[in-house]
Number of protein chains: 2
Amino acid sequence: MAATMKDLARETGLGLATISSYFNGGNVREKNKEKIETAIKKLNFEINEVARGLKTNHTKLIGVVIPELDMIFCAQIITEVEDILRNYGYATIVCDCRSDEKREEEALDFHFHRRVDGLIIMPTSTNGKGLKRFLEHNKPVVVIDRKIDGVDCDCVLVDNEKAVKDGIARLIEEKHEKIGLIAGPSDIYTSKERIKGYHKALKERGLQVDKSLISCGDFTISGGAKAMARLLDTRPDMTAVFVSNYEMTLGAMIELNERGVKIPQELSFIGYDNKEFAYASNPQLSIVAQPTKEMGKAVAQLILKRLQGDGNGKRKIWKLETEFIEGKSI
Amino acid sequence: MAATMKDLARETGLGLATISSYFNGGNVREKNKEKIETAIKKLNFEINEVARGLKTNHTKLIGVVIPELDMIFCAQIITEVEDILRNYGYATIVCDCRSDEKREEEALDFHFHRRVDGLIIMPTSTNGKGLKRFLEHNKPVVVIDRKIDGVDCDCVLVDNEKAVKDGIARLIEEKHEKIGLIAGPSDIYTSKERIKGYHKALKERGLQVDKSLISCGDFTISGGAKAMARLLDTRPDMTAVFVSNYEMTLGAMIELNERGVKIPQELSFIGYDNKEFAYASNPQLSIVAQPTKEMGKAVAQLILKRLQGDGNGKRKIWKLETEFIEGKSI
DNA sequence: CTGAAAGCGCTAACAA
DNA sequence: TTGTTAGCGCTTTCAG
């Protein structure tokens with residue numbers, strides 16, 4: 001089996017503590033360092049993180065809970081986070097809860113049992129019960145994208161309101177007045193923010209908000225297609241539409257495609273996220289893109305800071321800005 | 001701090017071993033079971049997997065190494081695998097090596113140090129050195145998508161050759177003769193297979209293979225766009241093109257879009273993977289779709305079997321079939 | 001069926 | 001600086 005520190009001690013004739021302090025940056029005489037190093041090579045020693053974890057009560061594991069790993073928005077953030085944390089010796093365990101509250105709870109349990117050192121979550125549920133458990137045990141929590149009331153932890157958010165407001169403003173500039181919005185589920189934080197942005201944009205330009213122009217999807221492709229269909233059926237007078245997440249953008253495009261609706265002649269269109277898809281569409285789509293890479297960086301930075309001992313610093317909320325990319329769909 | 005088994009023993013008046021065997025499915029008198037259960041609730045006991053891992057030499061951790069988490073093909077497989085393994089108490093640690101051999105090696109080291117119980121990998125490097133280390137330590141390895149010579153482990157593959165052959169055959173049916181292929185890097189297993197399929201399809205129908213109709217991308221969006229541009233420039237006589245992965249399909253579409261090439265009037269097109277994108281495109285794309293969900297299931301099943309003790313069973317290679325989805329791009 | 005005791009590989013306090 | 005020692009929380013003999 002694998003060599004242990006004991007073996008190193010025997011091999012070098014040194015004490016166990018010396019070996020241990022060698023690995024933990026303690027003071028070891030140069031000569032002994034060399035001895036240890038050759039012994040490591042000879043015995044092919046690799047430190048056992050499990051044993052270390054038992055002792056120190058640190059697993060160097062970070063739990064991640066997200067609604068869907070194959071939502072590109074999630075995947076991009078997670079890759080970035082994982083990459084940075086790994087450079088600091090932390091492994092991330094990602095659980096995809098399929099936007100299901102029960103599964104999310106299970107995932108939190110799962111991580112808790114595993115004694116992760118910290119938690120990163122894009123929450124599905126809006127009650128912060130599961131998160132508090134981590135905080136009570138002094139394990140840092142960073143929430144992505146959706147703020148949760150009553151839980152005192154770091155957050156990385158997007159300025160959803162502004163994102164939508166700017167997009168809608170752009171449409172109004174082009175003299176559109178009957179502008180549809182394909183929103184997310186009305187109980188999700190980001191959806192609410194985006195709807196707020198829609199309202200504000202219209203009001204600021206003195207336009208009326210007509211609720212029948214807002215159609216809620218569920219952030220999935222088929223949900224987006226259905227929401228688009230609903231708008232098309234009930235509001236044939238609509239001249240422009242804003243879709244407020246990537247999967248629904250895809251769904252809406254599928255529906256428009258099937259009906260043969262021409263963009264932008266018959267309908268102006270603004271989508272969300274995923275530049276590549278926007279470029280690959282015909283015509284090229286105008287979209288609002290979220291800064292996933294920056295979000296990932298922010299998340300990693302926040303949790304690392306807490307893990308490195310800043311347990312008491314004040315809670316931080318980072319709000320990042322989206323980017324508007326002009327295509328040919330307006 | 002959290003309660004331990006010792007606390008349970010004290011609370012119930014039972015011995016430590018009894019508590020332990022309760023958790024490990026041993027025989028415990030009904031009465032004592034009840035006692036233990038109430039104590040668990042009272043003390044809010046949660047088993048410490050770290051300690052357990054130290055003792056049993058099992059971490060219940062599975063290392064996953066993939067080239068890019070935000071390649072949808074990877075993400076879909078991984079989600080499925082993660083979901084299944086979690087139901088069996090295994091956590092997956094995913095490392096994205098960004099298609100970089102050095103990073104891949106680091107990821108393997110990382111997992112090895114962490115003492116994962118098994119490894120799932122979609123390899124970037126073609127030498128199996130890193131994998132052998134796991135096998136030598138009796139840790140099961142499952143390779144996804146790309147077979148590696150000289151490493152004796154389970155594999156889940158796709159019938160790449162047939163996938164491309166069928167697509168090309170479909171184009172030939174429609175009287176295309178100058179058919180372009182946008183292939184992947186020529187040193188990657190799947191690319192080679194796909195190129196083989198291209199050759200076979202042409203030969204079987206008595207057509208000549210013309211190397212200038214094959215353009216190698218690198219499985220990225222920009223690579224796909226460049227490869228498409230190259231073909232368009234050097235072979236204006238080409239009447240159809242087959243793109244052999246999703247990201248390059250996206251890239252190719254971007255390029256075609258920018259040049260205003262009309263599909264299918266000026267060029268027939270077959271893409272790869274991601275049905276949703278195919279439906280959302282205008283016109284709808286014909287594509288070859290890989291069975292990601294089934295692949296995930298197969299991977300999980302194979303590794304679970306090995307983890308459950310079938311260490312010596314013969315190496316299994318599963319080859320799954322792709323699906324051809326007809327759109328309006330031919 | 002249950003209890004006592006040893007030990008997994010490591011860290012950390014203390015003594016030397 | 002280095003060695004000794006006592007656990008971290010659990011599983012697993014071995015007796016009872």
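Letters A, B, ... are given to chains in the order of the sequence lines, protein chains preceding strands, and every chain is numbered from 1.
Side-chain polar atoms of A/Gln308 and A/Tyr88 form no donor-acceptor pair below 3.5 angstrom.
Where A/Phe23 and B/Arg29 meet DNA chain C, the nucleotide closest to each residue was compared, and B/Arg29 sits on the side nearer the 5' end.
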Listed pairs, N/O of protein and of nucleotides 4-8 of chain D, under 3.5 Å:
from, atom 1, to, atom 2, distance (Å)
D/dG7, N2, A/Lys55, NZ, 2.7
D/dG7, N3, A/Lys55, NZ, 3.0

Between A/Arg103 and A/Asp96, does the salt bridge (Lys or Arg N to Asp or Glu O under 4.0 Å) criterion hold? Intermediate values first, please. CA-CA 8 Å; A/Arg103 274 177 188 245; A/Asp96 175 343; over 6 Å; no
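The distance between atom CG of A/Leu14 and atom C1' of C/dC10, rounded to the nearest whole Å, is 17 Å. Nucleotide C/dG9 holds its P atom 18 Å from the CZ atom of B/Arg52, rounded to whole Å. In this structure, the CG atom of B/Leu8 is 12 Å from the C1' atom of D/dC10, given to the nearest Å. The nearest whole Å value for the distance from the CG atom in A/Asp7 to the C1' atom in C/dG9 is 10 Å. B/His58 places its NE2 atom 14 Å from the C1' atom of D/dC10, with the value rounded to the nearest Å. Rounded to an integer number of Å, the gap from CE of B/Met5 to P of C/dA6 is 20 Å. When rounded to the nearest whole Å, the span between CZ of B/Arg115 and C1' of C/dG9 equals 9 Å. Regarding B/Asn24, its CG atom lies at a distance of 13 Å from the C1' atom of D/dG9, rounded to whole Å.
By the 6.0 Å contact criterion, CD on B/Glu294 is enclosed, its count of non-hydrogen atoms from other residues, nucleotides or ligands being greater than 12.
Here A/Asn48 does not reach the OP1 or OP2 of C/dC10: none of its side-chain N or O atoms lies under 4.0 Å away.
Contact annotation for B/Val50: no contact, since no heavy-atom pair falls under 4.0 Å across all strands. Within the nucleic acid shown, A/Tyr22 has no heavy atom closer than 4.0 Å to any nucleic acid atom.
Looking at B/Asp109 and B/Arg114, no side-chain N of the basic residue comes within less than 4.0 Å of a carboxylate O on the acidic one, giving no salt bridge.
Here the shortest heavy-atom pairing between B/Thr124 and B/Glu104 reads N-OE2, 2.6 Å.
The side-chain heavy atoms of A/Ile77 and A/Ile144, taken from C-beta on, include a pair separated by under 4.5 Å. Using a 4.5 Å cut-off on side-chain heavy atoms (C-beta onward), B/Leu320 and B/Gln290 make no contact.
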